[in-house]
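In what follows, a single structure is set out as structure tokens and then discussed.
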Amino acid sequence: MTAPAVEGDTRTAPMLLVADPDAGLVRQLSTAMQDAGVDVTGVPDGAQALLQAGALQPDAVLICASLPIVGPLDFVRAVRLMRPVPVLLGIDFGSDAEQALQALEAGATACVARPYRVPELLPLVQAAFRRQDGNRTVLTIGDVELDVTAYQVKVGGRLVHLPLREFELLHYLMRNADRTVTREQIMRNVWHSNDGMSTNTNTIAVHVKRLRARLGDVEDTVIQTVRGVGYRLVSG
């Protein structure tokens with residue numbers, strides 16, 4: 001577990017706040033995440049999570065779907081009034097899908113499997129961590145606005161909920177606006193494949209198609225296909 005940061009300190013590692021009543025599960029996750037270079041603070045309920053979210057200002061918050069005292073829906077609504085921070089909802093196998101949907105509609109960033117898996121969590125926390133001052137947290141191209149820290153996307157001022165992978169795909173394309181990125185580059189930087197080749201290219205095509213639909217890009221003029229190479233997001 002980590003101690004609260006002192007004013008003026010420069011954080012050198014990502015910080016994850018975990019709210020889960022299963023102390024053993026939190027300890028196990030904390031050890032694994034700390035081995036991966038992430039500082040973790042664990043709390044057993046939603047009330048303490050709200051206090052620590054304000055005091056620690058973590059890079060991301062992970063809450064379980066059965067969060068006591070302050071439930072996940074109320075927690076997400078409250079933390080959204082405090083500051084933009086990614087909130088991940090831990091869902092047990094067979095859990096009520098309606099509960100997850102309500103949390104996502106309230107502003108939760110994504111649902112993850114519980115018991116928690118480091119390979120699933122690590123890229124999310126690292127993506128939320130901003131090491132250098134002055135890094136852009138909001139990217140705007142045309143009428144598309146992507147808030148990196150809050151994991152939110154707006155199109156024409158309207159909030160659009162994107163699944164995590166589509167969010168990361170859009171983020172990568174916007175960072176490389178007007179450049180053609182290959183499928184191999186997308187695999188490496190969005191699917192986090194070390195060899196850049198482990199994800200079927202049809203999977204990328206499906207995600208691009210869904211992303212276009214959510215952005216209202218009905219004529220494929222924003223995200224263009226470069227046949228035989230990859231994709232290009234056009235800024236103008």
Side-chain angles (χ1 to χ4, degrees), residues 1-20 22-23 25-44 46 48-64 67 72 75-76 78-80 82-91 103-104 107-139 146-153 162-172 174-175 188-194:
M1 306 293 176
T2 188
V6 178
E7 184 178 355
D9 284 356
T10 299
R11 190 178 296 171
T12 59
M15 180 184 293
L16 174 66
L17 174 63
V18 180
D20 194 301
D22 188 332
L25 185 62
V26 172
R27 283 194 299 270
Q28 183 179 13
L29 176 63
S30 176
T31 299
M33 291 294 282
Q34 287 177 342
D35 288 343
V38 176
D39 292 333
V40 175
T41 292
V43 294
Q48 293 190 47
L50 283 175
L51 290 174
Q52 294 301 330
L56 299 180
Q57 299 202 356
D59 296 293
V61 180
L62 171 62
I63 62 175
C64 77
L67 195 65
F75 176 86
V76 171
V79 82
R80 281 283 172 255
M82 296 167 54
R83 58 185 289 262
V85 58
V87 179
L88 311 174
L89 183 66
I91 301 291
L104 290 171
T109 303
C111 295
V112 297
R114 181 178 184 269
Y116 308 115
R117 299 191 295 261
V118 172
E120 183 178 12
L121 291 171
L122 189 58
L124 310 184
V125 180
Q126 290 175 330
F129 175 56
R130 294 174 296 135
R131 181 165 296 178
Q132 298 180 1
D133 292 335
N135 278 1
R136 293 180 64 188
T137 60
V138 178
L139 302 178
L146 183 146
D147 189 322
V148 178
T149 305
Y151 275 77
Q152 289 184 346
V153 172
L162 296 184
L164 179 64
R165 193 72 73 182
E166 290 174 28
F167 180 93
E168 292 185 336
L169 176 59
L170 178 61
H171 185 203
Y172 182 68
M174 290 181 74
R175 280 172 26 223
R188 185 175 299 111
N189 291 279
V190 178
W191 270 261
H192 309 290
S193 168
N194 291 331

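- Rounding to the nearest 0.5 angstrom, the gap separating the SG atom in C64 from the CG atom in L88 is 13.0 Å.
- The distance from atom CG of L162 to atom NE2 of H171, rounded to the nearest 0.5 Å, is 12.5 Å.
- Across A49 and A19, no two heavy atoms sit closer than the pair CB-CB, 3.7 Å.
- For the pair I63 and V61, the tightest heavy-atom approach, listed with the atom from each and the gap, is CG2-CG1, 3.8 Å.
- Of all heavy-atom pairs between P86 and T109, the closest is CA-OG1, 3.2 Å.
- Counting only heavy atoms from C-beta outward, the side chains of R114 and D20 approach each other to under 4.5 Å.
- Here the closest non-hydrogen pair linking V118 and A32 is CG2-CB, 3.5 Å.
- Side chain of D147 to backbone of V138: no donor-acceptor contact under 3.5 angstrom is found.
- Put simply, CG on L124 and CG on D59 are 12.5 Å apart, with the number rounded to the nearest 0.5 Å.
- Within the model, atoms CG of L89 and CG of L67 stand 9.0 Å from one another, a figure rounded to the nearest 0.5 Å.
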Take L29 and V40 through the side-chain contact (heavy atoms from CB on, under 4.5 Å) test and state the conclusion after the steps. CA-CA 9 Å; L29 176 63; V40 175; 5.7 Å; no

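- Contact check for Q57 versus V85: no side-chain heavy atoms found under the 4.5 Å cut-off.
- Contact check for V18 versus M33: no side-chain heavy atoms found under the 4.5 Å cut-off.
- Across every non-hydrogen atom of L25 and P115, the tightest pair is CD1-CB, 4.0 Å.
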R165/W191 under side-chain contact (heavy atoms from CB on, under 4.5 Å): CA gap, chis, key distance, verdict: CA-CA 8 Å; R165 193 72 73 182; W191 270 261; 3.7 Å; yes

Do V43 and L51 pass the side-chain contact (heavy atoms from CB on, under 4.5 Å) test, and can you show the C-alpha distance, the side-chain angles, and the key distance before you say yes or no? CA-CA 10 Å; V43 294; L51 290 174; over 6 Å; no

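- Atom CD of Q28 is surrounded by 12 or fewer heavy atoms from other residues, nucleotides or ligands within 6.0 Å.
- In terms of the salt bridge (charged side-chain N to carboxylate O under 4.0 Å, His left out) criterion, R175 has no residue partners (sequence neighbours excluded).
- The CG atom of L56 sits 5.0 Å away from atom OG1 of T41, with the distance rounded to the nearest 0.5 Å.
- Nearest heavy-atom pair across L17 and P58 is CB-CG, 3.9 Å.
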